Amino acid sequence: MLRITCPFCGERDQVEFAYGGDAASVFPDLADADLDRWTDAVFMRDNPRGDHREFWQHQHGCRQWLYVVRDTVTHEIKSTLPAREPRRAAATHEGRKG
Amino acid sequence: MTHYSAFALVRKALGGNRGWSRAWRNAEPKAGYDVVIVGGGGHGLATAYYLAKEHGITSVAVLEKGYIGGGNTGRNTTIVRSNYMIDGNTRFYEKSLRLWEEMSHDLNFNVMLSQRGQLNLCHSPAQMDAAARRGNIMRMNGIDAELLSREEVRRKAPILDFSDEARFPIVGALWQQRAGIARHDAIAWGYARGADRHGVDIIQGCEVKGFVWERGRVVGVETTRGAIRANKVGLAVAGHTGHLAKMAGLRLPIETHLLQAFATEPVKPILDTVVSFGAAHFYVSQDDKGGMVMGSDLDGYNSYGQRGDLPLIEETMADAKAIIPLLSRLRVVRHWSGVMDMTMDGSPIICKSPIDGLYIDGGWCYGGFKASPASGWCFAHTLAKDQPHELNARFTLDRFRRGYQLDEKGMGPTPWAH
Ligand SMILES: Cc1cc2nc3c(=O)[nH]c(=O)nc-3n(C[C@H](O)[C@H](O)[C@H](O)COP(=O)(O)OP(=O)(O)OC[C@H]3O[C@@H](n4cnc5c(N)ncnc54)[C@H](O)[C@@H]3O)c2cc1C
Ligand SMILES: [Zn+2]
């Protein structure tokens, strides 16, 4: 069982959360009509064997969306942040790694 | 190599069962081959077999990092069926079922296909309508399907919950008589033996770590047992397609997820068909030893860890109890999981990759065991002719860009929900 530490509610069981999928790809601007960029963002995945950036929603708790970094082999959760600014969160994670 | 027959069985038995020859050679890697297949599961071995048998290409090696059949081929709940609805899927899966039907004779190896039929249960009138539509589409494609009433279902599987307290009352079912189960390992062993007989090298304990390149073209693989050259390299690595594609610099419309399966202690025969629950994703059959073999949904988050998690165990047992209450009295004695490629539309990929010399057979989600023969048959065709067969023409990588997804469930690009 995963234990996810919600930044608002503390450490909780995975069953309180709903999975929101890959958080790494960023959608193009809505005005951007480039097919390749949209295909890339909507359908293509890095699918890493290791650290994976992903969204979870604390559905049976505070209902906030979270940005989680989790290892896809060990399932260890490396960090949990509010999902409001995934780009900034991504930058923070890169910073921590490096 | 010994041809298996009743006569051979008696003769060897009289000789004290000595003198059975190995089913396939434990080959040493050569410097190069026409075709190298990565992954010794049902798909990779079937591909090698059909390359040799249908196309006369016998300079072929199958490289397996562990032992053959040790991946999802040896980990699945072995349900074989062809009840698909979308053009592109229907005829492909029907071809696969037909290959299953002749496989034991073709391979001279008993794959123990048991066409005991599958009940896809319906729990509401709306589900019956949807089942009628699916059944009609199947029949128009020459696939057998029959809509059954509640009473007909009760006659086929009386242990299902037909009581007044049933949480999900059974209204009827869509029945495919030709569906069933088969012996998982046997398909790996049978295809391995058949391919070996044609001169294919099956190399176990050989992990592919990268590719050999020449002028932007893949011309071989780097392995734990050295570099092996090949005119063409085919990937058939189930849950690791994304991982290997990345070594070649490709991003794919695939996420890797895990699926669990369960087997109970053996009991006397209580269920002689395959049953799929209609109110949740759950399926069950009774194996030849008497154990109830069950499976349900994915764990739900991306994973390459070949082990399952507790919430899904609870969910599976709740499903089991809801449809067959007496299952709550049985002990689960084995429980395991496998990692698989989940594509963005739930349908597979069999095609040439954008990189010269590299071909992909992957994205099998949790339905790839039944597909093993047709997948190998179509992948062999694609490798040999450098173009798809009509049956896999739609299983391309670029269908996502072009808007031609094959989404049976209509879930969109949320692969953990297919
Ligand atoms: C629990 C579970 C239940 C399932 N139930 C069903 C079912 O009821 N019906 C159905 O039709 N399908 C089912 N499936 C799906 C089915 O098992 C798979 O789709 C199918 O077996 C895939 O076959 P394969 O040959 O592609 O993969 P595998 O048998 O997994 O073969 C791939 C092989 O590639 C090897 N490999 C990986 N990386 C490398 C490398 N770098 N170098 C060398 N070798 C490598 C692996 O070791 C593995 O042996 C289920 C799957 C699971 C996990
Ligand atoms: Zn919370």
Side-chain angles (χ1 to χ4, degrees), chain A residues 1-6 12-28 32-61 65-80 83, chain B residues 237 239-247 249-258 297-315 318 337 339-345 349 354 362-363 397-405 407 411-418:
Chain A
M1 171 94 73
L2 302 180
R3 301 272 293 170
I4 301 174
T5 305
C6 172
R12 299 296 178 86
D13 278 354
Q14 160 203 341
V15 292
E16 292 186 10
F17 298 82
Y19 188 56
D22 193 311
S25 60
V26 180
F27 276 13
D32 185 348
D34 184 84
L35 193 55
D36 290 328
R37 274 196 289 278
W38 277 103
T39 305
D40 226 46
V42 175
F43 294 113
M44 298 300 169
R45 299 288 189 268
D46 289 333
N47 193 24
R49 197 172 184 282
D51 282 1
H52 186 239
R53 300 173 250 172
E54 58 198 28
F55 290 122
W56 288 82
Q57 189 193 14
H58 196 185
Q59 209 167 42
H60 299 286
W65 279 92
L66 309 177
Y67 175 92
V68 175
V69 178
R70 186 181 55 86
D71 188 309
T72 56
V73 181
T74 63
H75 297 171
E76 184 197 348
I77 293 178
K78 307 280 180 71
S79 65
T80 314
Chain B
V237 291
H240 290 85
T241 310
H243 187 58
L244 273 114
K246 192 177 285 172
M247 297 176 191
L250 285 179
R251 273 180 105 213
L252 298 180
I254 288 178
E255 288 184 5
T256 298
H257 285 261
L258 61 86
D297 256 331
L298 298 171
D299 274 43
Y301 49 79
N302 297 49
S303 174
Y304 282 90
Q306 218 161 225
R307 63 192 181 285
D309 206 347
L310 294 170
L312 214 281
I313 299 181
E314 188 179 359
E315 185 182 318
S337 86
V339 296
M340 64 203 86
D341 291 352
M342 297 301 299
T343 56
M344 295 295 148
D345 61 358
I349 291 158
L397 265 175
D398 72 350
R399 67 177 184 262
F400 298 95
R401 184 180 182 281
R402 295 185 307 123
Y404 284 94
Q405 289 95 291
D407 193 340
M411 295 305 297
T414 47
W416 62 95
H418 277 289

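Note that the structure is a prediction, hence the values are computed from the model and not measured. Below, chains carry the letters A, B, ... as their sequence lines are ordered, and counting in each starts from 1.
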Checklist line | With B/R402 via salt bridge (charged side-chain N to carboxylate O under 4.0 Å, His left out) - residues at least two apart | finding: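 B/R402 satisfies salt bridge (charged side-chain N to carboxylate O under 4.0 Å, His left out) with B/D398 once adjacent residues are dropped.
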Item checked: B/D345: salt bridge (charged side-chain N to carboxylate O under 4.0 Å, His left out) partners, not counting sequence neighbours ->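 Counting only residues at least two positions away or on another chain, B/D345 forms a salt bridge (charged side-chain N to carboxylate O under 4.0 Å, His left out) with B/R399.
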Contacting moiety of [X], where chain A heavy atoms sit under 4.5 Å:
X	answer
B/L312	neither
B/E314	neither
B/L252	backbone

Engaged part of [X] at the chain B interface, taking heavy atoms whose separation is under 4.5 Å:
X	result
A/D40	both
A/T72	both
A/W38	neither
A/V73	both

Notebook entry, point to check: Nearest heavy-atom pair of B/E255 and A/D22: which atoms, and what distance?
Noted result: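 Taking B/E255 first and A/D22 second, the nearest heavy atoms are OE2-CB, 4.0 Å.
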Note to self: Restricting to non-hydrogen atoms, name the atom on A/M44 and the atom on B/P253 that form the minimum distance, rounded to 0.1 Å.
What the structure shows: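 Residues A/M44 and B/P253, closest heavy atoms: SD-N, 3.5 Å.
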Check: What class does the angle between the rings of B/W416 and A/Y19 fall in, given that below 30° is parallel, 30 to 60° is tilted and above 60° is perpendicular?
Finding: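 B/W416 vs A/Y19 ring planes: perpendicular.
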Next item on the list: Quick one: sort the B/F400 and A/F43 rings into parallel, tilted or perpendicular, breaks at 30° and 60°.
Entry: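 Rings of B/F400 and A/F43: tilted, as their planes differ by 30° to 60°.
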Check: If you count heavy-atom pairs under 4.5 Å between each of A/N47, A/D46, A/D71, A/V42 and chain B, which one has the most?
Finding: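 Most heavy-atom pairs within the cutoff with chain B belong to A/N47.
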Checklist line | Interface residue of largest heavy-atom contact number with chain B, from A/R45, A/E54, A/H52, under 4.5 Å | finding: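 Most heavy-atom pairs within the cutoff with chain B belong to A/R45.
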Next item on the list: Would you mind reporting whether B/L258 and A/H75 have side-chain heavy atoms less than 4.5 Å apart?
Entry: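 A/H75 vs B/L258: side chains touch.
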Notebook entry, point to check: chain A: which of B/D309, B/N302, B/L310 shares the most heavy-atom pairs with it under 4.5 Å?
Noted result: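 Answer, by heavy-atom pair count under 4.5 Å with chain A: B/N302.
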